[in-house]
Amino acid sequence: MRTIIYYFSGTGNSLKIACDLALELGNTEFLSDETEVFSMVRVMKGGIDLSADRIGLVFPVYMFGLPLIVSDFVKKLEAESGHWRGEPDKYIFAVATNGGGPGGALKMLQSRLETKGLSLDAAFSVEMPGNYTPLYGAPSEDKQKILFENASGKVKEIVAYVLSGERGKFEFSNFFVNAVSSVFNSLVSAKIPGMDKKFSADEKCAGCPVCEKVCPADNIKIIKGKPSWNHKCQQCLACLQWCPEESIQYGKKTAGRKRYHHPDIKLEEIIQK
Ligand SMILES: Cc1cc2nc3c(=O)[nH]c(=O)nc-3n(C[C@H](O)[C@H](O)[C@H](O)COP(=O)(O)O)c2cc1C
Ligand code: SF4
Ligand code: SF4
């Protein structure tokens with residue numbers, strides 16, 4: 001069976017999980033069990049390939065909900081899935097990486113798909129190091145190691161479930177958390193593109209321009225050797241986390257806070273354009 005995994009990732013956690021899922025899904029006795037991994041950002045510019053038997057969606061939780069890019073991807077998926085509705089065997093699964101508070105992200109995804117007549121067959125939450133530097137610094141190396149070991153076990157569980165063809169496992173938060181997350185997320189969503197007003201580059205900026213390249217939303221332009229943000233931000237924090245000089249700050253609290261990106265993912269791999 002063919003699987004296509006679509007991912008979105010700012011700091012590499014979701015990309016790492018997508019790649020590990022792909023490796024494990026292809027690790028069967030059948031040559032036909034091939035899995036491909038594509039960036040949502042890249043495929044959004046063209047059409048979405050829905051020809052595979054299984055479609056996986058892997059993304060981070062933002063503000064207890066879905067990143068805006070993932071919402072846009074789901075809209076496009078719905079629009080392009082017309083021919084698909086007559087194929088009940090098609091299998092859609094989702095994996096939300098998060099820093100320990102998945103909130104209502106998976107439930108929101110299921111509701112959005114269902115309103116368009118598409119069904120989610122399984123949904124999983126994978127805890128990874130949190131990357132929201134405006135609130136906290138990266139976890140210690142020891143803590144990261146434990147999270148990566150747990151995540152690797154979780155990937156094996158997810159793959160076993162998906163390969164079994166079973167449907168109906170949903171790692172949703174409880175009703176109350178889903179309801180509060182939904183309200184909170186709908187209040188903040190409209191503000192996210194303009195939240196980049198708090199970004200700045202301090203005197204360490206070398207004009208390199210990694211931040212411009214790594215931004216999945218084409219939201220950064222280097223002008224006179226410094227980044228400027230153009231208010232179509234996703235809040236993925238890729239610019240802040242991948243800046244080699246740790247020059248990018250968000251408000252007043254991020255200076256000196258430990259940065260994070262997944263140690264197995266290289267800069268060239270995270271660039272999604
Ligand atoms: C804007 C933003 C909001 C976030 N909100 C949450 C959240 O509500 N709950 C949570 O557990 N983690 C949250 N996180 C942490 C990420 O979900 C987590 O680190 C994720 O694995 C990052 O994936 P990535 O490396 O693929 O970008 C947030 C991160 C960002 C950048
Ligand atoms: S990545 Fe950092 S050093 Fe490079 S241009 Fe952007 S802010 Fe400056
Ligand atoms: S400006 Fe920074 S936080 Fe906003 S989308 Fe681009 S890389 Fe992500």
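In this chain, numbering begins with 1 at the start of the sequence shown. Counting convention: from 1, in listed order, for ligands and their atoms alike. These numbers were taken from a predicted model, which means no experiment stands behind them.
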Between Lys154 and Glu171, does at least one N-O distance fall below 4.0 Å, as a salt bridge requires? yes
Side-chain contact, heavy-atom cut-off 4.5 Å: Asp121 with Phe93? no
Between Ser140 and Asp142, does any side-chain donor sit less than 3.5 Å from a side-chain acceptor? no
For atom 27 (O) of ligand 1, grab the closest protein heavy atom and report residue, atom and distance to one decimal in Å. Gly10 N, 2.8 Å
Can you pull out the closest protein heavy atom to atom 5 (S) of ligand 2? Residue, atom name and distance to 0.1 Å, please. Cys208 N, 3.2 Å
Under a heavy-atom criterion of less than 4.0 Å, does Gly103 contact ligand 1? no
Mind checking whether atom 8 (Fe) of ligand 2 has an N, O or S of Cys243 under 2.8 Å? no
Which residue and non-hydrogen atom of the protein lie closest to atom 8 (O) of ligand 1, and at what distance in Å? Phe64 N, 2.7 Å
Closest contact, heavy atoms only, Leu15 versus Ser9: N-OG, 3.4 Å
Taking C-beta and beyond as the side chain, do Met128 and Pro60 meet within less than 4.5 Å on heavy atoms? no
Could you check if a side-chain atom of Ile222 sits within less than 4.5 angstrom of a side-chain atom of Cys211, using non-hydrogen atoms only? yes
Heavy atoms, side chains only, cut-off 4.5 Å: are Phe8 and Ser39 in contact? no
Using a strict 4.0 Å threshold on nitrogen-to-oxygen distance, state whether Asp72 and Lys75 make a salt bridge. yes
Mind checking whether Leu77 and Leu113 have side chains closer than 4.5 Å, heavy atoms only? yes
Connected via hydrophobic side-chain network under 4.5 Å: Leu240 and Trp242: no
For Pro244 and ligand 2, answer yes if some heavy atom of the residue is under 4.0 Å from a ligand atom, otherwise no. yes
Gly130 heavy atoms, cut-off 4.0 Å: which ligand 1 atoms fall inside? 19 (O)
Atom 1 (C) of ligand 1: which protein heavy atom is closest, and how many Å away? Gln235 O, 3.2 Å
Is it true that atom NZ of Lys169 has more than 12 heavy atoms of other residues, nucleotides or ligands lying nearer than 6.0 Å? no
Taking side chain to side chain contact (heavy atoms under 4.5 Å, CB included) as the criterion, tell me which of Asn13, Leu237, Thr133 meets it with Tyr260. Asn13
Using 2.8 Å as the cut-off, note every protein N, O or S atom close to atom 2 (Fe) of ligand 3. Cys239 SG
protein heavy-atom neighbour closest to atom 13 (C) of ligand 1 works out as Val61 O, 3.4 Å
Distance from atom 3 (S) of ligand 2 to nearest protein heavy atom, with residue and atom: Ala206 N, 3.3 Å
Can you list the atoms of ligand 2 that are under 4.0 Å from a heavy atom of Pro227? 7 (S)
State whether the shortest distance between N or O atoms of Asn13 and N or O atoms of ligand 1 falls below 3.5 angstrom. yes
Which of the numbered atoms in ligand 2 are below 4.0 angstrom from a heavy atom of Glu245? 3 (S)
Closest non-hydrogen protein atom to atom 5 (N) of ligand 1, residue and atom name please, with distance? Met63 N, 2.9 Å
Just going by heavy-atom distances, which of Ser9, Ser125, Gly99 is nearest to atom 12 (N) of ligand 1? Gly99
Numbered atoms and elements of ligand 2 in range of Gly207, under 4.0 angstrom, heavy atoms: 5 (S), 8 (Fe)
What about Ser14: any of its N or O atoms under 3.5 Å from an N or O on ligand 1? yes
Taking the six-membered ring for Trp, are Tyr161 and Phe124 parallel (under 30°), tilted (30 to 60°) or perpendicular (over 60°)? perpendicular
Tracing side-chain contacts under 4.5 Å among Ile, Leu, Val, Met, Phe, Trp and Tyr outward from Phe175 reaches none
for atom 25 (O) of ligand 1, nearest protein heavy atom and its distance come out as Thr11 OG1, 2.4 Å
Check: Tyr62 and Ile69 side chains under 4.5 Å, non-hydrogen atoms: no
Verify the neighbour count for atom NZ of Lys45: are there more than 12 heavy atoms of other residues, nucleotides or ligands below 6.0 Å? yes
Protein residue, atom and distance nearest to atom 8 (Fe) of ligand 2, heavy-atom basis: Cys205 SG, 2.3 Å
If you measure from each non-hydrogen atom of Pro129 to ligand 1, which part falls under 4.0 Å: side chain, backbone, both or neither? backbone
Shortest protein heavy-atom distance from atom 16 (C) of ligand 1, along with the residue and atom involved: Asn131 OD1, 3.5 Å
Numbered atoms and elements of ligand 2 in range of Ile222, under 4.0 angstrom, heavy atoms: 5 (S)
Is there side-chain contact between Pro102 and Ser173, with heavy atoms separated by less than 4.5 Å? yes
Between Leu21 and Thr35, is any pair of side-chain heavy atoms under 4.5 Å apart? no
Measure the distance from atom 9 (N) of ligand 1 to every protein heavy atom, then report the residue, atom name and distance (to 0.1 Å) of the closest one. Gly101 O, 2.7 Å
Near Gly100, which atoms of ligand 1 are under 4.0 Å from a heavy atom of that residue? 11 (O)
